[in-house]
Amino acid sequence: QGDDATFEMGDTARARVRRRPPTASKMISPKRNLTPTPAQIYTSIQKFEISQVIFTQKEPRTENFTSWFSINDCEALLRRGNTLIMKIVLSSALSGRYTISLTFVPSYRPRDRFGQFCAKGIAKNKSDLWLSIEIPPNFPVGKYNPHISIVLEANDDILTHFHPKFIIVLFNPWNTGDDAYVENEAVIRECLTDDVGTIWRGTHRQMTPLLWEYGQYEESCLEAALSLLQTLTADECRSASSVSRAIVARVNSRDGTGVLMGSFKGKHATGMHPCRWNGSAPILQRFYRTRTS
């Protein structure tokens, strides 16, 4: 088909093979059969196929409390400043110079590109490639779909892979380069890691303590919180203050698109009286499930 031919390789990869058109002095006889055999097609496809991509985290997840979250279809959950390890398994051995690119595509805005990491190397008959990526401490937080591409410099062939699972990047209060850094460990425990605490209600003259279950590690709670950031730009997702303002604005629903609508009077046929809630998890789970306040 013209000068380019595209080979489809299942749902995971695509390779483009460029052909040079014959010159006038070397025209091929029309009687010659140019149709490749099935074995030739299979061989061409096999050497460019990505069989598997595996993401792991260098730092133990128990140290930064990311192992406590209950999330489906998440390949890696890490904090800014952590190191992400990517292993690419090829269907056959690769030799020569190559360039690997990893692009973070926001799940809620697939046309955007929030970050790209590249590395070059020389393979000597290798069927697996490794890439270590240190997530910058100012990287935009959010939920991403990884997009991997490999360029073979010998012939400019390109192999792409859209990973079916996603990666989540969170703030890191233990990293001094993160603007969410907190020096006091007791404050981190109270504001981040503890899933139960005390809130106060009433007036400034008469306050009443109430035991509250934050439930940040429960199913769908983190996804619900991340979904509140889908209108922010990349620069806004870098800033802890911008993210905090966005969440506060979306929690208080004034147009019906937020999490809660405050109403202490009248009937609550489609909702629940504010005094009956005793935790955040049921609120976020209901919002995430119905996308309504």
Side-chain angles (χ1 to χ4, degrees), residues 9-14 49-80 82-91 100-117 128-133 135 139-150 159-172 192 195 214-232 234 237 243 246-247 250 259 280-292:
M9 294 175 284
D11 298 330
T12 58
R14 172 180 293 180
E49 187 178 34
I50 293 179
S51 300
Q52 189 179 18
V53 176
I54 304 172
F55 290 96
T56 57
Q57 183 178 329
K58 182 179 179 181
E59 295 81 5
R61 294 183 60 188
T62 54
E63 292 185 1
N64 52 29
F65 294 91
T66 56
S67 62
W68 292 16
F69 289 98
S70 177
I71 303 176
N72 297 321
D73 298 325
C74 181
E75 182 77 3
L77 194 158
L78 65 160
R79 299 190 183 276
R80 304 198 298 188
N82 290 163
T83 302
L84 181 67
I85 307 297
M86 180 175 66
K87 178 183 179 181
I88 302 176
V89 181
L90 304 174
S91 59
I100 299 177
S101 297
L102 170 64
T103 304
F104 284 75
V105 182
S107 298
Y108 298 107
R109 291 191 303 280
R111 294 185 179 181
D112 293 346
R113 300 292 187 272
F114 275 13
Q116 186 176 59
F117 304 89
D128 58 288
L129 306 174
W130 294 79
L131 185 63
S132 177
I133 307 108
I135 305 299
F139 192 82
V141 298
K143 179 180 176 181
Y144 298 95
N145 294 107
H147 174 208
I148 302 98
S149 65
I150 303 177
L159 177 63
T160 60
H161 173 82
F162 293 93
H163 203 61
K165 296 186 177 182
F166 55 85
I167 293 176
I168 291 178
V169 180
L170 301 178
F171 291 114
N172 191 348
L192 178 70
D195 58 351
Y214 303 129
Q216 68 269 36
Y217 306 114
E218 299 297 326
E219 184 177 358
S220 302
C221 288
L222 180 58
E223 293 99 313
L226 293 174
S227 69
L228 302 178
L229 309 179
Q230 55 186 296
T231 59
L232 300 185
C237 287
V243 169
I247 290 180
R250 289 295 306 278
V259 179
S280 303
I283 299 173
L284 291 173
Q285 289 169 343
R286 177 174 176 175
F287 167 75
Y288 189 70
R289 183 177 64 254
T290 63
R291 293 300 197 279
T292 57

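For R79, the salt bridge (charged side-chain N to carboxylate O under 4.0 Å, His left out) criterion is met by no residue, not counting sequence neighbours. Remark: N145 pairs with S107 by the side-chain hydrogen bond (donor to acceptor under 3.5 Å, both in side chains) rule, at least two apart or across chains. In this view, Y288 satisfies the ring pair (Phe, Tyr, Trp, His ring centres under 6.0 Å) rule with no residue, not counting sequence neighbours. Annotation: side-chain contact (heavy atoms from CB on, under 4.5 Å) contacts of S132 (sequence neighbours excluded): T83, I85. Legend: residues meeting side-chain contact (heavy atoms from CB on, under 4.5 Å) with S280, ordered by chain and number and at least two apart, are W212. When the side-chain contact (heavy atoms from CB on, under 4.5 Å) test is applied to K165, the partners found at least two apart in sequence or on another chain are E75, H163. Applying the side-chain contact (heavy atoms from CB on, under 4.5 Å) criterion to A281, with sequence neighbours excluded, gives E218, C221, Q285. The side-chain hydrogen bond (donor to acceptor under 3.5 Å, both in side chains) check on N82 picks up Q57, N64, with sequence neighbours excluded.
Here the shortest heavy-atom pairing between V259 and F287 reads CA-CD1, 3.9 Å. V141 approaches Y144 most closely through the heavy-atom pair O-OH, 3.8 Å. Between N72 and F166, the shortest heavy-atom distance links the atoms O-CZ, 3.2 Å. When every heavy atom of Y217 is checked against every heavy atom of L192, the shortest pair comes out as OH-O, 3.7 Å. Minimum interatomic distance between P164 and H161 (heavy atoms only, all atoms of both residues): CD-NE2, 4.4 Å.
Taking CD1 of I150 as the reference point, atom OG of S101 lies at 9.5 Å (rounded to 0.5 Å). Note that the CG atom of L90 and the CG atom of D128 stand 7.5 Å from one another [nearest 0.5 Å]. Rounding to the nearest 0.5 Å gives a distance of 6.5 Å between CD1 of I133 and CZ of F104. Expressed to the nearest 0.5 Å, how far CZ of F55 lies from CG of L77 amounts to 14.0 Å. Here the straight-line distance linking atom CD1 of I50 with atom CG of L159 works out to 4.0 Å at 0.5 Å rounding. Atom CG of L131 sits about 7.0 Å away from atom CG of L102, to the nearest 0.5 Å.
R80 contributes a side-chain N or O that, together with a main-chain N or O of F139, makes up a donor-acceptor pair within less than 3.5 Å.
R289 is not listed as a side-chain neighbour of S220, based on a closest heavy-atom distance of 4.5 Å or more. Side-chain contact between W68 and D195 is absent, with no heavy atoms from C-beta onward closer than 4.5 Å.
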L84 vs I167, side-chain contact (heavy atoms from CB on, under 4.5 Å): CA-CA, chis, key distance, verdict: CA-CA 10 Å; L84 181 67; I167 293 176; 3.9 Å; yes
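Using the six-membered ring where Trp is involved, F162 and H147 have ring planes that are parallel, under 30° apart on the 30 and 60° scheme.
When each of I71, T66, L284 is checked for a side chain to side chain contact (heavy atoms under 4.5 Å, CB included) with L222, only I71 meets the rule.
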